[in-house]
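See below for the structure under consideration.
We use all heavy atoms of the structure for the numbers below, so side chains are in, but hydrogens, waters and symmetry mates are not.
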Amino acid sequence: MPNVASFEVDHRIMVAPFVRLSKSLEIPSDSHEVMVFDIRLRTPNKEEPMPPKAIHSLEHLLAGEIRDALAVLNKDVYVVDISPMGCRTGFYLSLVAPKGKTDTVSDNVAKAFKKTCDNVIKMNEIPAANEIQCGTASEHDLVGAKSICAYILQTVGELPIQDNEPLLLNK
């Protein structure tokens with residue numbers, strides 16, 4: 001079986017919320033790499049996973065908001081995608097960033113997520129939550145998405161950065 005980054009960490013010892021660089025991939029460029037971040041919002045197997053409709057809404061809200069927030073913090077970072085984890089405990093954020101800037105980019109992801117949560121709490125509608133732009137337009141929960149963001153802001157404010165080393169299996 002190929003290496004799957006999320007299968008290489010011990011979910012039993014994770015304590016959410018946090019931001020963690022899950023993996024980085026070299027691309028044919030001297031200056032940039034692909035980084036995949038684990039934005040963990042619930043502790044796996046201990047906390048109740050996020051409700052599907054709230055995750056769906058938060059995914060829509062994050063799609064634009066985190067791009068905008070990261071663009072302000074670092075003009076050299078390009079968001080490829082943000083997608084929910086199947087286990088409903090967080091999101092994966094994939095981006096292209098300058099090589100050798102892992103600490104700066106990790107800090108900026110944490111700051112951007114906080115800014116995004118601040119903005120989500122103020123929103124009155126979910127972007128693209130209609131039959132033209134969304135495959136399941138009837139399954140959204142803005143109140144639930146706001147609740148997830150409020151929980152993060154109340155418990156930690158800005159997501160702490162989690163080092164991979166303590167979580168790795170087969171150390």
Side-chain angles (χ1 to χ4, degrees), residues 2-11 13-44 47 50 55-123 127-128 145 148-171:
N3 283 351
V4 177
S6 66
F7 297 166
E8 299 294 323
V9 295
D10 190 339
H11 287 70
I13 59 174
M14 287 182 175
V15 179
F18 61 78
V19 169
R20 177 180 70 87
L21 177 63
S22 176
K23 64 182 168 185
S24 63
L25 307 167
E26 289 193 28
I27 57 175
S29 164
D30 291 337
S31 60
H32 286 78
E33 64 185 319
V34 174
M35 295 179 175
V36 180
F37 285 90
D38 172 340
I39 300 177
R40 193 68 60 151
L41 305 178
R42 296 287 190 268
T43 300
E47 287 184 281
M50 296 178 288
I55 293 172
H56 186 198
S57 296
L58 191 52
E59 177 189 21
H60 277 238
L61 294 159
L62 289 171
E65 289 295 317
I66 203 153
R67 281 177 169 84
D68 290 346
L70 276 169
V72 168
L73 294 167
N74 191 331
K75 306 250 184 276
D76 290 338
V77 172
Y78 307 96
V79 173
V80 175
D81 186 43
I82 185 154
S83 53
M85 296 175 179
C87 61
R88 301 186 351 239
T89 61
F91 290 85
Y92 286 115
L93 173 66
S94 302
L95 48 83
V96 176
K99 283 184 181 173
K101 301 286 186 179
T102 301
D103 291 343
T104 301
V105 175
S106 296
D107 288 342
N108 285 344
V109 167
K111 286 178 175 68
F113 193 81
K114 180 185 184 306
K115 176 72 172 158
T116 297
C117 282
D118 288 335
N119 290 343
V120 164
I121 288 173
K122 300 172 195 167
M123 294 184 155
I148 292 166
C149 285
Y151 168 79
I152 296 303
L153 292 172
Q154 290 168 1
T155 57
V156 294
E158 187 176 298
L159 296 174
I161 308 301
Q162 171 67 54
D163 183 33
N164 277 324
E165 193 63 31
L167 300 177
L168 293 177
L169 293 172
N170 305 319
K171 295 183 232 181

With sequence neighbours excluded, tell me which residues meet side-chain hydrogen bond (donor to acceptor under 3.5 Å, both in side chains) with Asp107.
none
Heavy-atom side-chain proximity of Leu41 to Ile148 below 4.5 angstrom
yes
Close side-chain approach of Glu65 to Met123, heavy-atom, < 4.5 Å
yes
How close do Met14 and Pro44 get, heavy atom to heavy atom, and via which atoms?
SD-CG, 3.6 Å
With rounding to the nearest 0.5 Å, note down the distance linking CG in Asn164 to CD in Gln162.
7.5 Å
Distance, nearest 0.5 Å, that separates CG of Leu169 from CG of Asp10:
5.0 Å
Atom pair CG (Asn108) and NZ (Lys115), whose distance is rounded to the nearest 0.5 Å
14.0 Å
Find the distance between CD1 (Ile152) and CG (Asp118) and round it off to the nearest 0.5 Å.
12.0 Å
Restricting to pairs with a member in residues 33-43, which pass side-chain hydrogen bond (donor to acceptor under 3.5 Å, both in side chains), not counting sequence neighbours?
Arg20-Asp38, Ser24-Glu33, Asp38-Arg40, Arg40-Thr89, Thr43-Glu47
Measure the shortest side-chain to side-chain distance between Lys114 and Leu159 over non-hydrogen atoms and say whether it is less than 4.5 angstrom.
no
Does the side chain of Phe91 come within less than 4.5 Å of Ile55's, by heavy atoms?
yes
If I take atom CZ from residue Phe18 and atom CG from residue Asp163, how far apart are they, to the nearest 0.5 angstrom?
11.0 Å
List the residues meeting ring pair (Phe, Tyr, Trp, His ring centres under 6.0 Å) with His60, not counting sequence neighbours, and say none if there are none.
His56, His140
Sequence neighbours excluded and cut-off under 3.5 Å, please list the side-chain donor-acceptor pairs for residues 95-102, or say none.
| residue | atom | partner | partner atom | Å |
| --- | --- | --- | --- | --- |
| Lys99 | NZ | Ser29 | O | 2.9 |

Would you name the heavy atoms of Ser57 and Ala145 that are closest together and state the gap between them?
CB-CB, 4.0 Å
side-chain contact (heavy atoms from CB on, under 4.5 Å) for Val109 and Leu93? Distances and angles first, verdict last.
CA-CA 9 Å; Val109 167; Leu93 173 66; 3.9 Å; yes
List the atom pairs, with distances to 0.1 Å, where a side-chain N or O of residues 69-76 and a protein N or O form a donor-acceptor pair under 3.5 Å, not counting sequence neighbours.
| residue | atom | partner | partner atom | Å |
| --- | --- | --- | --- | --- |
| Asn74 | OD1 | Asp76 | N | 2.9 |
| Lys75 | NZ | Ala71 | O | 3.4 |

Using side-chain heavy atoms (C-beta onward) and a distance below 4.5 Å, is Leu62 in contact with Phe113?
yes
Cys149: partners by side-chain contact (heavy atoms from CB on, under 4.5 Å), with sequence neighbours left out
Leu58, Cys117, Val120, Ile121
